[in-house]
Amino acid sequence: MAFLTLNHVKKSFGEKEVLKDVSFSIPEKGIFGFVGENGAGKTTTMKIILGLLKKDGGDIFLKGEPLENHPSVTMGYLPDVPEFYPYLTGEEYLNFSGEIAKLSGKERGLRTAELLSLVGLEKEKGRIAGYSRGMKQRLGIAQALYHRPELLICDEPTSALDPLGRKEILDILVNIKEQTTVLFSTHILTDVERICDEVAFLHEGKIQLTGTLAELTQGKEDKFFLKMTKEKESERLVAIFPQLERIKEKEFYLSETLLPQVLKFLLEQHFSFEKIEKRQTHLEDIFLKVVEK
């Protein structure tokens, strides 16, 4: 049984239909990638799950029952730009979260120390005002996890981070996926490939594809990338081989079956090229095809 299921969820703002038909299921424990362009409706979907917005149609089920029948289910939420009281330290802020959750002083101390260690902020004694963007994202994860949620929803947590900051956030999510189910919204497909178990593609208000990474790439033929040197020779080449997938004026993708014929032609005609290399099918290729439909 799926942990969380959305069936034909719809949402409009005035005359603008943002979600037309959103249907996907998330298994319990693991990281589920929710992919779409900026403005595709990912944040709207997540706010509906959280109860911050009302859906206009469709159903949401948690553990096989309507979500509204689970008022006590715990969810954690990390927005793309979390806000804090800048005059507090990270430890003070988490202790404050514990007070709101009505934990005892001893419980707060233990949970705060545990989470600061988890997100790598246990040695940081400065005020949040001096935190970097990555440190604030890590503190945001700690706060979202404070009450041990069954579902953690992360809204593009790595979108504005440098490579090191992104790695730190992704490592944290991998470390917690055995304890909680993670819904990870992003448009950074390499992040999805690195940590997600399953993924759903949202485009034009509908889920276009969903499945495990292996399922989505299965049967997809690897391509070869060809970069020519001269524009005139590129034009001649594409006239002879219309099957070529043109990327730019002098850049092409070609299939493995077409490769021998193209290579033979290039050598016989003494055409020059800069490189030819094999490229595996990635989520980016799949997503671009979804968007271009």
Side-chain angles (χ1 to χ4, degrees), residues 1-9 19 21-38 40-42 45-46 49 60-64 78 141 150-159 161 163 166-225 245 247 253-259 276-293:
M1 180 185 297
F3 177 73
L4 179 72
T5 299
L6 280 72
N7 283 339
H8 310 295
V9 172
L19 304 180
D21 184 4
V22 175
S23 300
F24 61 86
S25 294
I26 301 176
E28 189 169 11
K29 303 292 171 62
I31 304 176
F32 189 92
F34 191 34
V35 176
E37 319 102 296
N38 289 329
K42 302 189 299 298
T45 303
M46 291 183 291
I49 296 171
I60 301 178
F61 297 95
L62 182 66
K63 299 179 181 178
L78 176 66
I141 290 179
E150 296 176 65
L151 175 65
L152 174 64
I153 297 179
C154 299
D155 189 357
E156 301 197 9
T158 61
S159 61
L161 301 182
R166 283 172 55 203
K167 180 182 183 303
E168 290 171 342
I169 298 300
L170 296 178
D171 287 346
I172 292 169
L173 296 180
V174 169
N175 287 337
I176 66 172
K177 72 175 188 176
E178 297 301 325
Q179 286 76 48
T180 186
T181 302
V182 179
L183 176 58
F184 175 58
S185 163
T186 186
H187 61 268
I188 304 175
L189 297 173
T190 53
D191 288 353
V192 175
E193 289 177 323
R194 178 177 169 184
I195 70 169
C196 292
D197 304 295
E198 297 190 24
V199 61
F201 290 86
L202 178 65
H203 178 60
E204 294 184 344
K206 298 180 180 181
I207 296 297
Q208 305 289 346
L209 281 175
T210 186
T212 66
L213 298 183
E215 288 170 346
L216 293 176
T217 56
Q218 185 178 16
K220 302 292 190 300
E221 184 180 9
D222 292 337
K223 298 178 180 179
F224 285 82
F225 173 76
E245 181 182 342
I247 308 168
Y253 279 135
L254 60 153
S255 66
E256 187 171 2
T257 55
L258 187 61
L259 179 64
I276 185 165
E277 60 186 17
K278 187 174 184 179
R279 293 191 175 176
Q280 292 182 319
T281 299
H282 294 285
L283 283 183
E284 182 177 356
D285 304 303
I286 298 171
F287 183 62
L288 288 176
K289 287 185 177 180
V290 167
V291 172
E292 292 168 358
K293 283 182 179 179

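Treat the numbers as computed from the prediction; the structure is a model and nothing was measured.
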Undergrad: Between atom CG of N7 and atom OG of S25, what is the distance when rounded to the nearest 0.5 Å?
TA: 6.5 Å

Undergrad: Considering all heavy atoms of both residues, which atom of T186 and which atom of I188 are nearest to each other, and what is their separation?
TA: OG1-N, 2.9 Å

Undergrad: Got a donor-acceptor contact below 3.5 angstrom from the K42 side chain to the E37 backbone?
TA: yes

Undergrad: When you look at F184 and I169, which way does the side-chain contact (heavy atoms from CB on, under 4.5 Å) test go after all the steps?
TA: CA-CA 11 Å; F184 175 58; I169 298 300; 5.8 Å; no

Undergrad: Kindly compute the distance separating NZ (K278) from CG (L259), expressed to the nearest 0.5 Å.
TA: 10.0 Å

Undergrad: Using a 4.5 Å cut-off on heavy atoms from C-beta on, say whether the side chain of V9 contacts that of I49.
TA: no

Undergrad: Output the distance between atom OG1 (T210) and atom CD (E215), rounded to the nearest 0.5 Å.
TA: 8.5 Å

Undergrad: To the nearest 0.5 Å, how far apart are CG in L152 and CG in L173?
TA: 7.0 Å

Undergrad: As a quick check of understanding, evaluate side-chain contact (heavy atoms from CB on, under 4.5 Å) for I195 and V192, giving each step before the final call.
TA: CA-CA 6 Å; I195 70 169; V192 175; over 6 Å; no

Undergrad: Out of V35, L216, L202, which residue meets the side chain to side chain contact (heavy atoms under 4.5 Å, CB included) rule with L209?
TA: L216

Undergrad: Which distance, rounded to the nearest 0.5 Å, do you find between the CG of L78 and the CG of L183?
TA: 12.0 Å

Undergrad: Could you go through the side-chain contact (heavy atoms from CB on, under 4.5 Å) check for N38 and E156 one step at a time?
TA: CA-CA 10 Å; N38 289 329; E156 301 197 9; 3.6 Å; yes

Undergrad: I want to check something: taking the side chain as every heavy atom from C-beta on, are K177 and D197 in contact at a cut-off of under 4.5 Å?
TA: yes

Undergrad: In chain order, what residues pass the salt bridge (charged side-chain N to carboxylate O under 4.0 Å, His left out) check against E198, with sequence neighbours excluded?
TA: none

Undergrad: In chain order, what residues pass the ring-ring contact (aromatic ring centres under 6.0 Å, His included) check against F24, with sequence neighbours excluded?
TA: F32, F34

Undergrad: Check V22 against G205 and note the closest heavy-atom contact, atom names and distance.
TA: CG2-O, 3.8 Å

Undergrad: Do I141 and P157 have side-chain heavy atoms sitting under 4.5 Å apart?
TA: no

Undergrad: C196 and L213: which non-hydrogen atoms are nearest, and at how many Å?
TA: O-CD1, 3.4 Å

Undergrad: Does any N or O in the side chain of T181 come within less than 3.5 Å of the main-chain N or O of E28, such that one atom is a donor and the other an acceptor?
TA: no

Undergrad: At what distance, to the nearest 0.5 angstrom, does CD1 of I153 lie from CE of M46?
TA: 7.0 Å

Undergrad: Carefully, step by step, assess L62 and F3 under the rule side-chain contact (heavy atoms from CB on, under 4.5 Å).
TA: CA-CA 6 Å; L62 182 66; F3 177 73; 3.8 Å; yes

Undergrad: Could you tell me which non-hydrogen atom of H8 sits nearest to which non-hydrogen atom of S23, and how far apart they are?
TA: N-OG, 2.7 Å

Undergrad: Among T158, D191, D171, find the one that has a side-chain hydrogen bond (donor to acceptor under 3.5 Å, both in side chains) with R166.
TA: D191

